[in-house]
Amino acid sequence: MMMLTGRALRTAATAAMLAGLGAPVMADELFYVSGAVGNAVENFKELVKPWEEATGHTVTLVPMPASTTDQFGQYRLWLAAGAADIDLYQTDVIWAPQLADHFVDLTEVAKDLAPTHFPSIIESQTVNGKLVALPIFTDAPALYYRTDLLEKYGKTPPKTWAELAETAKFIQDAERAEGQADLWGFVWQGNAYEGLTCNALEWVKSFGGGQIVEPDGTISVNNENAAAALEMAKSWVGTISPDGVLAYQEEEARGVWQTGNAVFMRNWPYAYGLGNGDDSAVKGKFGVTTLPVGKEGDTSAATLGGWNVAVSKYSTKQDAAISLALYLAGPEAQKQRAINESNLPTIISLYDDPDIAAAQPIIPQWKDVFLNAVPRPSAPTLGKYNEVSAKFWSAVHNTLSGNGSAAENLELLELELSDIKGSGW
Ligand code: GLC
């Protein structure tokens, strides 16, 4: 007979107790795939402990590359192959329409939980009436700024992109003259991947250049304001941002920032808690504000992000997987994530939670920012969003690298997007 040791014994005992039958029921071992950014992997073990103890099941996190684009590629392969060994997928807010067919409909099981979430977020995960995934956190970026450096030079957080560039250059030059050779003015995500689509949508939208493809499906990206926005960003590369920014994703930008080598950073709220960690060189030395605008009077644009949990249709342990999905999207787990990872909850009441506000003050402050955030055109472009985004980030990356002007690249992009669209999305 197989020996039951330690955890297995405890698990079996808990499962038997929960079943209330005296005889042990099967304890499932689930596999959860998720991207790995910040402290998400370490925190996951803590996060799921209460659920594991209550149910007797166990869950292993299978970490994916940090890039959402790389994750998407891998997930698509697994799902197309009907991989049965992955039970749950952590999914980006933009993927619901493209992956909907592979996931279990959670409408019925989440009928009590879903109404406690912001309706727009639930809607973003609903495809033709099917609730494809449950939201676990939402995302909207901030402009991080160094309070100590701004104060030292008598500067205030910038309102426009031009002001940002000016302040960044001023402080960068002055600090370098004092021997801070590694200091840069502004770090962000310029690698050719989904994160660049997010950054560039913010520049374009805040310059009055639209949102690539409008909610009614019109391709709007080839316009003068969009071109001006991209030319502006190009002027940062090699001046206030290192040339290497063209290869940066979130974690590279945070690395420069958190070692004290940037005046400004564009990043998501997860970088807030980590920036205030004991090992951070900028602990207590920074603030956050909304991203700048094109010109005074324009509205700031933050791209809407966020993550969800979906249950694979090919899982052979669906009951346990659904139970875990409900737990991860529920108030206990969302509160834990808010406090330990400074992730923005999707449950409305958590914005009034005093423990969260005390631990991570960015969270209550950021409610209006994400509620007004700009969605990427994943809804109007349906199953074609990934292709659209890839064409957009390539056009932007080419422009930033000096490979064609913004106007030329946007003209070409319009043709490519029209081809992808064909007679309709
Ligand atoms: C963040 C956002 C996600 C976005 C990604 C881009 O993780 O939450 O929606 O796609 O950044 O890098």
Side-chain angles (χ1 to χ4, degrees), residues 33-41 43 63-76 89-99 118 120-121 124-125 132-142 144 187-203 205 211-212 245-255 265-274 291 301-310 328-329 334 337-338 341-346 362-363 366 369-371 373-379 381 385-390 392-394 396-397:
V33 285
S34 161
V37 174
N39 61 344
V41 175
N43 189 45
M64 291 285 103
S67 158
T68 184
T69 300
D70 295 345
Q71 287 167 50
F72 185 70
Q74 179 61 61
Y75 287 11
R76 261 218 298 218
Y89 289 79
Q90 186 164 308
T91 59
D92 200 333
V93 65
I94 49 185
W95 298 342
Q98 290 169 93
L99 300 181
F118 289 97
S120 58
I121 302 180
S124 75
Q125 299 308 302
V132 171
L134 296 176
I136 56 175
F137 70 95
T138 185
D139 240 353
Y144 288 73
V187 291
W188 39 281
Q189 295 78 40
N191 190 7
Y193 79 124
E194 184 63 29
L196 180 55
T197 290
C198 298
N199 281 248
L201 173 60
E202 288 153 7
W203 312 327
K205 176 78 180 169
Q211 26 197 111
I212 314 169
V245 80
L246 297 182
Y248 281 12
Q249 299 183 1
E250 284 78 2
E251 288 291 78
E252 287 78 23
R254 186 172 69 84
M265 170 176 74
R266 181 265 182 214
N267 217 330
W268 307 94
Y270 86 98
Y272 185 90
L274 296 166
L291 295 174
T303 298
L304 180 65
W307 290 86
N308 310 277
V309 55
L328 290 174
Q334 289 215 3
R337 250 188 221 274
E341 295 183 57
S342 58
N343 286 161
L344 303 175
T346 61
I362 190 179
I363 290 179
W366 238 241
V369 180
F370 91 76
L371 284 175
V374 186
R376 283 161 276 174
S378 52
T381 58
Y385 173 72
N386 196 52
E387 270 179 277
V388 169
S389 182
F392 177 63
W393 82 56
S394 301
V396 175
H397 200 266

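Both counts, for ligands and for their atoms, begin at 1 and track the order of listing.
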Please check if the side chain of Glu251 supplies one atom and the backbone of Gly38 the other of a donor-acceptor pair under 3.5 Å.
-> yes

What are the atoms of ligand 1, with element, lying closer than 4.0 Å to any heavy atom of Trp307?
-> 1 (C), 2 (C), 3 (C), 7 (O), 8 (O)

When you measure from atom 12 (O) of ligand 1 to each heavy atom in Arg376, Glu194, Gln71, Glu250, which option holds the nearest one?
-> Glu250

How are the rings of Phe72 and Trp95 set relative to one another: parallel (under 30°), tilted (30 to 60°) or perpendicular (over 60°)?
-> tilted

Taking the side chain as every heavy atom from C-beta outward, state whether Asp139 and Pro269 have any atom pair closer than 4.5 Å.
-> yes

Any atoms of ligand 1 less than 4.0 Å from a non-hydrogen atom of Gly195? List them with their elements.
-> 6 (C), 12 (O)

Is it true that the side chains of Tyr75 and Gln98 contain a donor and an acceptor less than 3.5 Å apart?
-> no

Of Val93, Leu304, Asp92, Asp139, which has the heavy atom at the shortest distance from atom 2 (C) of ligand 1?
-> Asp139

Side-chain contact, heavy-atom cut-off 4.5 Å: Leu328 with Gln90?
-> no

Does ligand 1 have an atom under 4.0 Å from some heavy atom of Tyr193?
-> yes

Run the numbers for me: atoms of ligand 1, each under 4.0 Å from some heavy atom of Gly305, listed by number.
-> 2 (C), 8 (O), 9 (O)

So, the side chain of Gln71 versus the backbone of Ala66: is there a donor-acceptor pair under 3.5 Å, distance only?
-> yes

Atoms in ligand 1 with a heavy atom of Gly306 nearer than 4.0 Å | 2 (C), 8 (O), 9 (O)

The atoms of ligand 1 lying under 4.0 Å from a heavy atom of Thr68, numbered in the order shown, are 6 (C), 10 (O), 12 (O)

Answer yes if the side chains of Glu202 and Thr303 hold a donor-acceptor pair under 3.5 Å, and no otherwise.
-> yes

Close approach of Gln189 to ligand 1, heavy atoms, under 4.0 angstrom | no

